[in-house]
Participant: 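Before I ask anything, let me first share the structure, which is written out below as structure tokens.
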Amino acid sequence: MKISAITIFPEYFAPLELSLIGKAKESGLIDFAILNLRDFTDDNHHTVDDTPYGGGAGMVMKAEVWGDAIDSVLPTSQTISDLIILTPAGKKFSQKMATEFARSEHLIFACGRYEGIDSRVTTFYQSQPKVRVHEVSIGDYVLNGGEVAALAITEAVVRLIPGVIGNPESLIEESHNEAGLVEYPTFTKPPEWRGLQVPEVLTSGNHGAIAKWRLEQAEIRSQNARGD
Ligand code: ADE
């Protein structure tokens with residue numbers, strides 16, 4: 001998979017070198033391109049924003065600059081690219097979306113700042129046959145820009161790519177899998193810590209009883225934490 005990210009703060013993407021994502025990059029499973037949006041400006045000040053038509057507070061990111069930056073990462077081949085525009089006004093990111101994005105050949109993250117990107121950028125790329133456009137939010141809160149959202153989505157997606165996680169079994173059992181439940185509580189040694197015991201069933205060796213207990217706990221936890 002290729003992942004391109006366009007941002008005015010390329011330094012935000014330094015953590016991609018770490019941990020499993022760093023290893024996936026080293027082993028060639030993923031190819032990252034982090035582009036500085038200001039490299040696509042043509043004025044001395046490297047201007048990426050301007051005042052909004054219709055008035056109002058804040059600045060809007062310029063369509064020409066974004067268009068040139070996005071065009072520069074679109075492959076000339078028949079590859080379909082998924083253009084992910086990060087915005088608090090987008091569709092809420094989910095494990096289901098992560099699964100869809102994990103099947104993509106090319107993800108492009110457009111990390112907007114200020115009051116967002118000129119809306120014509122979304123409209124234009126929606127009309128392009130080799131681009132699928134997704135406006136995505138990582139939650140109902142406002143960040144200063146899309147960079148942290150792009151990192152969160154990258155981490156959720158990359159770990160689903162075959163070969164990235166050593167033990168694929170762990171993907172099946174974890175929270176937000178197909179059963180729609182969050183994960184059951186987990187314990188490790190010692191059997192007693194600060195007066196708290198590990199639930200007896202987990203040390204019983206009875207696999208059927210353990211599976212039943214875990215399912216019940218996952219249901220209780222899902223209900224308590226997330227009535228939805
Ligand atoms: N940019 C600002 N806030 C955001 C959010 N919640 N999700 C995605 N991109 C954003």
Side-chain angles (χ1 to χ4, degrees), residues 1-16 18 21 30 32-41 46-70 73-74 81-104 106-126 128 131-161 175-176 182 225-228:
M1 176 190 279
K2 168 133 198 211
I3 299 183
S4 306
I6 307 168
T7 169
I8 57 169
F9 293 120
E11 300 83 359
Y12 256 101
F13 290 86
L16 294 178
L18 305 174
I21 302 186
I30 306 182
F32 286 107
I34 312 298
L35 287 86
N36 190 336
L37 182 70
R38 293 197 196 276
D39 291 343
F40 299 87
T41 55
H46 301 291
T47 310
V48 293
D49 58 347
D50 207 334
T51 52
Y53 276 119
M59 300 291 270
V60 176
M61 296 189 104
K62 291 162 74 64
E64 308 100 291
V65 184
W66 272 105
D68 288 351
I70 294 166
V73 296
L74 290 179
S81 298
D82 286 282
L83 172 61
I84 302 173
I85 301 180
L86 284 325
T87 160
K91 187 171 171 191
K92 185 112 51 94
F93 184 61
S94 63
Q95 188 65 27
K96 182 162 172 270
M97 245 190 246
T99 313
E100 275 169 38
F101 291 158
R103 287 195 277 262
S104 176
H106 184 205
L107 298 181
I108 305 168
F109 289 107
C111 304
R113 292 234 141 203
Y114 316 117
E115 297 307 308
I117 301 172
D118 186 314
S119 273
R120 288 170 292 183
V121 172
T122 301
T123 311
F124 176 79
Y125 287 101
Q126 279 169 340
Q128 299 300 295
V131 182
R132 288 186 292 246
V133 181
H134 316 263
E135 288 188 319
V136 179
S137 161
I138 59 163
D140 293 340
Y141 40 82
V142 179
L143 303 166
N144 286 334
E147 287 77 7
V148 168
L151 282 174
I153 295 173
T154 299
E155 184 153 320
V157 168
V158 166
R159 59 196 299 286
L160 299 177
I161 295 172
S175 296
H176 306 297
V182 300
R226 319 276 307 259
D228 58 340

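Whatever order the structure lists them in is the order used to number ligands and atoms, beginning at 1. Values below: all heavy atoms of this structure, side chains included; hydrogens, waters and symmetry mates excluded.
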Participant: Answer yes or no: is there a donor N or O on one side and an acceptor on the other, between the side chain of Ser81 and the main chain of Leu83, under 3.5 Å?
Facilitator: no
Participant: Provide the number and element of each atom of ligand 1 under 4.0 Å from a heavy atom of Gly139.
Facilitator: 6 (N)
Participant: Hey, is the main chain of Pro88 close enough, under 3.5 Å, to the side chain of Tyr141 for a donor-acceptor pair?
Facilitator: no
Participant: Tell me whether Glu155 at atom CD has more than 12 heavy atoms from other residues, nucleotides or ligands lying less than 6.0 Å away.
Facilitator: no
Participant: Would you check if the side chain of Thr47 reaches a backbone N or O of Asp49 as a donor-acceptor pair within less than 3.5 Å?
Facilitator: no
Participant: Would you check the N or O atoms of Leu143, main chain and side chain alike, for any that come under 3.5 Å of an N or O of ligand 1?
Facilitator: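 Yes: some nitrogen or oxygen of Leu143 is under 3.5 Å from one in ligand 1.
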Participant: Is there a side-chain contact between Trp66 and Asp118 in this structure, where contact means two heavy atoms from C-beta onward sitting under 4.5 Å apart?
Facilitator: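 In short, these two side chains do not touch, never coming nearer than 4.5 Å.
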Participant: Flag Tyr141 as yes when one of its N or O atoms lies below 3.5 Å from any N or O atom of ligand 1, and as no otherwise.
Facilitator: yes
Participant: Determine whether any heavy atom of Asp140 lies closer than 4.0 Å to an atom of ligand 1.
Facilitator: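 It does not, in that no heavy atom of Asp140 comes within the 4.0 Å cut-off of ligand 1.
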Participant: How far is atom 1 (N) of ligand 1 from its nearest protein heavy atom, and which residue and atom is that?
Facilitator: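 Closest protein heavy atom to atom 1 (N) of ligand 1: Pro88 CD, 3.5 Å.
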Participant: For atom 9 (N) of ligand 1, which protein heavy atom lies nearest, and how many Å away is it?
Facilitator: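 Checking every protein heavy atom, the shortest distance to atom 9 (N) of ligand 1 gives Thr87 N, 3.3 Å.
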Participant: Would you call the rings of Phe93 and Phe101 parallel, tilted or perpendicular if under 30° counts as parallel and over 60° as perpendicular?
Facilitator: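 Answer is parallel, since the angle falls under 30°.
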Participant: Report yes if Val142 has an N/O atom closer than 3.5 Å to an N/O atom of ligand 1; otherwise report no.
Facilitator: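 No: no nitrogen or oxygen of Val142 is under 3.5 Å from one in ligand 1.
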Participant: Which of these passes side-chain contact (heavy atoms from CB on, under 4.5 Å) with Arg113: Asn144, Leu86, Thr7?
Facilitator: Asn144
Participant: Within ligand 1, which atoms have a heavy atom of Val136 less than 4.0 Å away?
Facilitator: 8 (C)
Participant: With backbone taken as N, CA, C and O and side chain as the heavy atoms from C-beta onward, which portion of Ala149 lies under 4.0 Å from ligand 1: side chain, backbone, both, or neither?
Facilitator: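 Ala149 to ligand 1: side-chain contact only, backbone stays beyond 4.0 Å.
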Participant: Could you find the nearest protein heavy atom to atom 7 (N) of ligand 1 and give me its residue, atom name and distance?
Facilitator: Ile138 N, 3.0 Å
Participant: Is there a side-chain contact between Phe32 and Ile21 in this structure, where contact means two heavy atoms from C-beta onward sitting under 4.5 Å apart?
Facilitator: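 The answer is yes, as the side chains (C-beta and beyond) meet within the 4.5 Å cut-off.
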Participant: Any idea which part of Asn144 is under 4.0 Å from ligand 1, heavy-atom wise: side chain, backbone, both or neither?
Facilitator: neither
Participant: With a cut-off of 4.0 Å, which atoms of ligand 1 are near a heavy atom of Gly145?
Facilitator: 1 (N)
